Colleague: 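Starting off with a structure, shown below.
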Amino acid sequence: MQPDIADPTQPAFLATYLAGLPQPDHDHAGPARSVREDDFDGHHVVITTTYEITVDGQPLNVHIGLSNDGSAHCHGLPAYQLPSLVDLVRVLIRTFPDEFSPHPTPGDGHDGDGHDGQHSHDHGDGDGRIHGDETSGGR
Amino acid sequence: MAAVRRDILHDDKARADYIRGVKLLKHEPTTLTTDRFGISGRARPVYTYDLFVIWHVLAMNTAVPPGGDAGTRNAAHRGPVFLPWHRVMLRWLEAHLQRVLGDPDFGLPYWDWALDGTPPAPDGVANPAASALWRDTPDGFGGQGSPVRGGAFAFDRADPTSFRVRIATNSSGALRQVTERGLARRFGQNAPFGSPRLPRTSDVRAAYNTRADPSLADYDRPPFDVSSRGFRNRLEGFTGPGLHNQVHLWVGGDMAPASSPNDPVFFVHHCNVDRLWEGWMSRNGRQYQPDMTAPPTLLGHRIDDPLVSPFAPASKPDTPGGVLDISAFYSYDTLP
């Protein structure tokens, strides 16, 4: 039986809609760039900032933005608006520990074929950090 | 009959139905697989509940207007559409819950987090981690941990029917598969990692106090971003004590990244955010800014602009203006 993609009450309707949305561009290789603009006393101000961030010598290729008050944010942490980039990178490290692990799980960087269940870390340490992602990336 | 949304801590049936419905959606195949959503790795089935994780991530990565910066404003956050977009998302989840529960009158329950965040006495200390919401019994959400080991959404590796996270994001906010794992929560972390407290009832009252801050009588104000004065930004949490953002930060774990709908507490949290918005409209009228005279740089956030919703391409798309009055679909048992 074909899934009903015309009936909004069926899951295939929402699924088909979402599958048709444009895929976001997550390729942020190279120095991060932030553009801030302001209109003041009849003048248009543009402040372009580029910065390179490394963690353990590896570039951090994350789209980071600066607001006009100087606070920092990024796509990966929508509820955060932090006073410094140092804080933001610390939160990224804490939130995505597997991406910054010096000993990547065996599946990191692979597509996961044939690795079902091999990289899930049931730490049981109550640390509340998110572990066990099958595919890394983002750095 | 329109659904009535009730307090999850005062309505045992609404809480039990919500838990049962979430579990049913978590195991309901959509017929599509992960590759259809651009998620790398072996193609695996995508289940109905996880669609809401995908939707949230895609919307927040969608810059509006196209070609803009999703970090400035996006299709779900950091601008005026924050409240309308989440209202639509919650309504879709509620409709799917009604379907799987076989109850067209089911109302999504809300978590009045400010009550849990308020000290029991003026000089007392709040202990939101002790809230009945986090009970480890089958009618509770379980507490903190990685994985969460108690409550209805506990992880048990040996039990394939136990609650698990399948799709999340990386540090760039891109969708990714995860080897099935349990939910993670880490309550009350200090800044910058989280928030040591939940919002309080006094914080909510202050968000309605137009005498102290006349801008709160307006839904939103220029420049319509995270620096704006007005009610939307106060409730989203980029001004004032934090409100919506602060709840995500207090819960922590899977509530922190873009894939936060992975935690079922996301929806009862946002249901309360929607209730607070409804309470604001009962005071200030069903108004919304910006209107359609706003410049194209605000395309996607103006009152008649289509939302990133399944009805966006249709002849009658979901728009901010179109969802201001939801009385045909649901109401709240009490408004603040």
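In what follows, chains carry the letters A, B, and so on, assigned in the order in which the sequence lines appear, proteins first and then strands, with residues in each chain numbered from 1. It should be emphasised that the depicted structure is a prediction, and the values quoted were computed from it without experimental measurement.
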Colleague: Which atom names give the shortest non-hydrogen contact between Leu32(B) and Ala19(A), and what distance separates them?
Modeller: CD2-CB, 3.8 Å
Colleague: Within the structure provided, determine whether His75(A) and His77(B) are in side-chain contact (heavy-atom separation under 4.5 Å).
Modeller: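 No, too far: nothing below the 4.5 Å cut-off.
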Colleague: Answer with side chain, backbone, both or neither: which region of Gln246(B) has an atom nearer than 4.5 Å to a non-hydrogen atom of chain A?
Modeller: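 It is neither, since no heavy atom gets under 4.5 Å.
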Colleague: side-chain contact (heavy atoms from CB on, under 4.5 Å) between Val308(B) and Leu21(A): does it pass, once the steps are laid out?
Modeller: CA-CA 9 Å; Val308(B) 175; Leu21(A) 287 177; 4.2 Å; yes
Colleague: Nearest heavy-atom pair of Thr72(B) and His73(A): which atoms, and what distance?
Modeller: N-CE1, 4.4 Å
Colleague: Restricting to non-hydrogen atoms, name the atom on Phe37(B) and the atom on Ala15(A) that form the minimum distance, rounded to 0.1 Å.
Modeller: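 Closest heavy-atom pair between Phe37(B) and Ala15(A): CE2-O, 3.5 Å.
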Colleague: Find the one option among Gly76(A), Cys74(A), Ser84(A) whose heavy-atom pairs under 4.5 Å with chain B are most numerous.
Modeller: Gly76(A)
Colleague: Any chance you could measure Ser227(B), atom OG, to Gln81(A), atom CD, to the nearest 0.5 Å?
Modeller: 9.5 Å
Colleague: Does any backbone or side-chain atom of Phe238(B) lie under 4.5 Å from a heavy atom of chain A? Answer side chain, backbone, both or neither.
Modeller: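 For Phe238(B), side-chain heavy atoms alone lie under 4.5 Å from chain A.
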Colleague: With side chains defined as the heavy atoms from C-beta onward, is the minimum distance between Ser67(A) and Arg78(B) less than 4.5 Å?
Modeller: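 Of all side-chain heavy-atom pairs linking Arg78(B) with Ser67(A), at least one is under 4.5 Å.
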Colleague: Below 4.5 Å from any heavy atom of chain A, which atoms of Pro223(B) appear? Answer side chain, backbone, both or neither.
Modeller: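 Neither the backbone nor the side chain of Pro223(B) comes within 4.5 Å of chain A.
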Colleague: Do Tyr47(B) and Pro11(A) have side-chain heavy atoms sitting under 4.5 Å apart?
Modeller: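 The answer is no, as the side chains (C-beta and beyond) never meet within the 4.5 Å cut-off.
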Colleague: Return the minimal non-hydrogen interatomic distance between Pro78(A) and Pro257(B), and the atom names on each side.
Modeller: CD-C, 3.8 Å
Colleague: So for Leu92(A), is it side chain, backbone, both, or neither that comes closer than 4.5 Å to the heavy atoms of chain B?
Modeller: side chain
Colleague: Hey, what's the ring geometry for Trp92(B) with Phe13(A), parallel, tilted or perpendicular (30° and 60° as the breaks)?
Modeller: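 Answer is parallel, since the angle falls under 30°.
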Colleague: Where does Val46(B) contact chain A at under 4.5 Å (heavy atoms): side chain, backbone, both or neither?
Modeller: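 Neither part; nothing is under 4.5 Å.
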Colleague: Does the side chain of Leu14(A) reach to within under 4.5 Å of the side chain of Phe52(B), using non-hydrogen atoms?
Modeller: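 Result yes, sub-4.5 Å side-chain heavy-atom pair found.
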Colleague: Side chain from CB out, backbone as N, CA, C, O: work out which of these in Asp69(A) comes under 4.5 Å of a heavy atom of chain B, or both, or neither.
Modeller: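 For Asp69(A), neither part sits under 4.5 Å from chain B.
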Colleague: What closest approach, in Å, do Pro192(B) and Val91(A) show between heavy atoms, and which atom pair accounts for it?
Modeller: O-CG2, 3.3 Å
Colleague: Which atoms of Leu82(A) come close to chain B, meaning under 4.5 Å heavy atom to heavy atom: side chain ones, backbone ones, both, or neither?
Modeller: side chain
Colleague: Examine the side chains of Gln10(A) and Arg99(B) and answer whether a donor and an acceptor come within less than 3.5 Å of each other.
Modeller: no
Colleague: State, yes or no, whether a side-chain contact exists between Leu51(B) and Tyr17(A) at a heavy-atom distance under 4.5 Å.
Modeller: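 Side-chain contact under 4.5 Å: no.
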Colleague: Examine distances only and state if a side-chain atom of Tyr80(A) and a backbone atom of Ala256(B) form a donor-acceptor pair shorter than 3.5 Å.
Modeller: no
